[in-house]
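Okay, so here's the structure we're looking at.
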Amino acid sequence: MTTQVLDAPERNRYEVVRNGTVLGFAAYQKTAELIVFTHTEVDPSVEGQGIGGALVQGALDHVRTLGLDVLPICPFVHAWMLRHPEYGDLDYRRPATRATD
């Protein structure tokens, strides 16, 4: 069974889809510089199977290609990003670098 994460901009959300069935979504609001994740839902029948994590990872991977920062207001997206520091560079609230040459 193939699971895909797709942007559905007409619904302002990313959807995780398996065999044509939407299993969950991550709602967002997007500006020219930023995407704000506001809410995430996963079908109760697939909770605990990694669907939510796959959804967030796929959405963030896509956001990275767009060159946008992320403001994770949704508690699930925020917690997932904290557990995956390799996505910390996307967080709009990250501290400014103090590195100098």
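Here the side chains of D61 and Y87 are in contact, with some heavy-atom distance below 4.5 Å. In this structure the side chain of Y14 reaches within 4.5 angstrom of the side chain of V63, judged on heavy atoms. Side-chain contact between K30 and L68: present, with at least one pair of heavy atoms (C-beta onward) separated by less than 4.5 Å. Using a 4.5 Å cut-off on side-chain heavy atoms (C-beta onward), H39 and F25 make contact. Using a 4.5 Å heavy-atom cutoff, the side chains of R64 and D89 are in contact. Residues T21 and L23 have side chains in contact (heavy-atom distance under 4.5 Å, counting atoms from C-beta outward). Q49 is not listed as a side-chain neighbour of V42, based on a closest heavy-atom distance of 4.5 Å or more.
From H62, atom NE2 reaches atom CD of Q57 across 14.5 Å, with rounding to the nearest 0.5 Å. In this structure, CG in L71 is found 10.5 Å from CD1 in I35, a value given to the nearest 0.5 Å. Here the straight-line distance linking atom CE of M81 with atom CD of E86 works out to 10.0 Å at 0.5 Å rounding. Atom CG of D43 and atom CZ of R18 lie 10.5 Å apart (nearest 0.5 Å). For the atom pair OG1 of T3 and CG of L55, the computed distance is 10.5 Å after rounding to the nearest 0.5 Å. In this structure, CD on E41 lies 12.0 Å from CD on E15, to the nearest 0.5 angstrom.
Partner of Y28 under the side chain to side chain donor-acceptor pair (under 3.5 Å) criterion, chosen from N12, D7, T40: D7.
Both V70 and V16 are part of a single hydrophobic cluster, where members link through side-chain heavy atoms under 4.5 Å apart. Residue V36 is not grouped with residue V77 when hydrophobic side chains (ILVMFWY) are merged at heavy-atom distances under 4.5 angstrom, including chains of intermediate members. Cluster annotation: V56 and L82 are assigned to distinct hydrophobic clusters (Ile/Leu/Val/Met/Phe/Trp/Tyr, side-chain heavy-atom contacts under 4.5 Å, transitive).
Classification of the H84-W80 ring pair by plane angle, with boundaries at 30° and 60°, yields parallel.
The shortest heavy-atom contact between F76 and G53 is CZ-N, 3.9 Å.
Every salt bridge (Lys or Arg N to Asp or Glu O under 4.0 Å) that R93 has, sequence neighbours left out, goes to D91.
Grouped by direct or indirect side-chain proximity (heavy atoms under 4.5 Å, Ile/Leu/Val/Met/Phe/Trp/Tyr only), V17 sits with L6, V22.
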